[in-house]
Amino acid sequence: MSYQVIDLDVNDGIQAGYSISTRPTDQDATSANVWRSTDGASRVDVKYAFMVPATAEFTFPEGGGAARLDPWTGAEARAYLAMQGMVSAGAGTMRGLNPNAPVGEYGIVLNPNTQLIVSLEAGTEVTDVGLVDGAGSVATATVSLVLMDRTGRGGRQSLELMTRHDSTSESTERASVLSVTLENRSRSAVDAQISVSAHANVNVSSVPAASAGR
């Protein structure tokens with residue numbers, strides 16, 4: 001992720017900027033998980049901290065998935081399935097807020113008259129490797145970025161790719177830069193929560209030859 005600061009009032013004598021509090025909240029978490037629907041089995045790795053490593057991997061004969069969050073390389077989720085059922089994988093991290101605490105103690109804190117733009121590069125890919133006639137499957141890959149203050153100002157942006165099977169093998173990719181903006185036009189500090197996540201899901205409603213999603 002990248003952070004860009006814009007001074008909304010260069011004459012106010014206050015330096016524009018932001019800081020990320022190191023004080024934890026109950027909402028702070030980094031997680032990675034993989035789940036299958038047939039028996040509810042899963043692999044989960046949860047850390048109650050913002051932007052720390054987390055990894056989960058689950059492989060079985062007909063499918064599996066992997067999810068990972070790395071503070072340096074970002075979030076990644078993969079899921080694949082060659083039988084009836086569903087596999088879901090996800091990884092994400094969040095720095096939360098404490099609405100009962102004074103502004104400035106938790107989350108991302110914006111200085112007065114500051115605009116903060118948070119951006120990240122996102123990519124999704126879904127591959128259908130050729131299903132048998134009459135099989136039904138849907139594969140979805142999503143990357144999301146959220147930046148929002150305690151009043152709900154800010155934004156959410158997602159990159160989503162969904163495909164349904166056909167009788168041929170194909171791969172579809174999509175890439176974009178996700179960007180959300182939060183403005184503080186007051187003369188007091190404002191705090192906000194931030195989260196980033198990646199999810200992959202494969203749902204096969206009738207028995208296919210194979211399917212995969214990432």
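- Panel note: side chain Thr114, backbone Pro112; a donor-acceptor pair is recorded below 3.5 Å.
- Between the Asn111 side chain and the Gln15 main chain, a donor and an acceptor come within less than 3.5 Å of each other.
- With sequence neighbours left out, Leu97 forms a side-chain contact (heavy atoms from CB on, under 4.5 Å) with Arg150, Asp191, Gln193.
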For the pair Thr25 and Arg95, evaluate side chain to side chain donor-acceptor pair (under 3.5 Å) and give the outcome as yes or no after the intermediate values. CA-CA 8 Å; Thr25 75; Arg95 167 67 83 188; 6.0 Å; no

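- Judged purely by atom type and a 3.5 angstrom limit, Ser195 has no side-chain atom pairing as donor or acceptor with the backbone of Met94.
- At least one side-chain heavy atom of Arg153 sits less than 4.5 Å from a side-chain heavy atom of Val190.
- Lys47 contributes a side-chain N or O that, together with a main-chain N or O of Pro53, makes up a donor-acceptor pair within less than 3.5 Å.
- One N or O on the side chain of Ser186 and one on the backbone of Ser188 form a donor-acceptor pair closer than 3.5 Å.
- Val118 has its side chain out of reach of Leu120: every pair of non-hydrogen atoms, C-beta onward, lies at least 4.5 Å apart.
- Salt bridge Asp45/Arg43: absent, no basic N to carboxylate O contact under 4.0 Å.
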Side chain to side chain contact (heavy atoms under 4.5 Å, CB included), that's the test. Do Glu160 and Thr124 meet it? Break it down for me. CA-CA 7 Å; Glu160 182 175 82; Thr124 56; over 6 Å; no

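- Checking side-chain atoms of Gln157 against main-chain N and O of Ser179 turns up a donor-acceptor pair under 3.5 Å.
- Residues Val202 and Leu159 are members of separate hydrophobic clusters, defined by side-chain heavy-atom contacts under 4.5 angstrom among Ile, Leu, Val, Met, Phe, Trp and Tyr.
- Sorted by first and then second residue, the ring-ring contact (aromatic ring centres under 6.0 Å, His included) pairs involving residues 11-44 (not counting sequence neighbours) are Tyr3-Tyr18.
- Taking the ring axis of Phe60 as reference, the NZ or CZ atom of Arg36 stays within 45° of it and closer than 6.0 Å to the ring centre.
- In this structure, Leu147 CG and Ile194 CD1 are separated by 5.5 Å, a value rounded to the nearest 0.5 Å.
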